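Each remark here refers to the structure printed beneath this line.
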Amino acid sequence: LAAAPAPAATTLSVVCARTPLYVFNSGTDRPVRARTPDATQGQRFGLVSGPRTTLEGFQFYETDIIVVEPGYGPNAHYWISRDCAIPSS
């Protein structure tokens with residue numbers, strides 16, 4: 001009898017004391033630090049996608065937090081470094 005597949009991760013838990021959120025400008029593979037307060041240890045966010053790997057090999061998860069900074073589309077989300085966020089279901 002085969003084991004049931006593990007449920008897909010749906011949330012991200014912040015495991016660093018403080019970590020910035022990032023945005024990806026359209027057409028680039030380089031994240032930019034967002035002008036929002038840092039996420040802090042213990043915070044949880046919805047996981048939209050990821051990890052996304054930059055050309056330098058850094059990985060980021062897309063959160064369900066809508067970008068509030070001007071210049072981004074209505075469906076843009078903040079991203080968080082894989083080094084400081086653990087996905088879970």
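Predicted model only: the values in this text are computed from it and were never measured.
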Tell me, which pairs form a disulfide bond (SG atoms under 2.5 Å apart) where one or both residues lie in residues 35-89, sequence neighbours left out?
-> Cys16-Cys84
Hey, quick one: are Phe58 and Ile80 part of the same hydrophobic cluster, counting side-chain heavy atoms closer than 4.5 Å, chains of contacts allowed?
-> no
Rounded distance [0.5 Å steps], OG1 in Thr11 versus CD in Gln43 | 13.0 Å
Which atom pair, heavy atoms only, marks the closest approach of Ala34 to Val23?
-> CB-CG1, 4.4 Å
Non-neighbouring partners of Arg44 that pass salt bridge (Lys or Arg N to Asp or Glu O under 4.0 Å), sequence neighbours left out = none
Path from Leu12 to Val14 over hydrophobic side-chain contacts below 4.5 Å | yes
Partner residues of Gln41 under the side chain to side chain contact (heavy atoms under 4.5 Å, CB included) criterion, sequence neighbours left out | none
Give every residue pair that meets the salt bridge (Lys or Arg N to Asp or Glu O under 4.0 Å) criterion with at least one member in residues 9-21, sequence neighbours excluded.
-> Arg18-Asp38
Among all residues two or more places apart in sequence or in another chain, which pass the side chain to side chain donor-acceptor pair (under 3.5 Å) test with Asp64?
-> none
Using the rule that two of Ile, Leu, Val, Met, Phe, Trp, Tyr join whenever any of their side-chain heavy atoms come within less than 4.5 Å, decide whether Val68 and Ile66 are in one cluster.
-> no
The complete set of ring pair (Phe, Tyr, Trp, His ring centres under 6.0 Å) pairs with one or both residues in residues 68-89, sequence neighbours excluded, reads Phe24-Trp79
If Ile, Leu, Val, Met, Phe, Trp and Tyr residues are connected whenever their side-chain heavy atoms lie under 4.5 Å apart, and connections chain through other members, are Val67 and Val32 in the same group?
-> yes
Return each pair, listed once, that meets salt bridge (Lys or Arg N to Asp or Glu O under 4.0 Å) where at least one residue sits in residues 47-59; pairs must be two or more places apart or across chains.
-> Asp29-Arg52, Arg30-Glu56
Would you please name every residue forming a side chain to side chain donor-acceptor pair (under 3.5 Å) with Thr10, sequence neighbours left out?
-> none
Cluster partners of Val15, using ILVMFWY side-chain heavy atoms under 4.5 angstrom, listed by chain and number?
-> Ile86
Indicate yes or no: at least one non-hydrogen side-chain atom of Arg33 is less than 4.5 angstrom from one of Leu21.
-> no
Set of side chain to side chain contact (heavy atoms under 4.5 Å, CB included) partners for Pro51, sequence neighbours left out | Gln59, Tyr61, Arg82
Disulfide bond (SG atoms under 2.5 Å apart): pairs with one or both residues in residues 23-77, sequence neighbours excluded | none
Set of salt bridge (Lys or Arg N to Asp or Glu O under 4.0 Å) partners for Asp83, sequence neighbours left out = none
Do Ser81 and Thr19 have side-chain atoms, one donor and one acceptor, less than 3.5 Å apart?
-> no
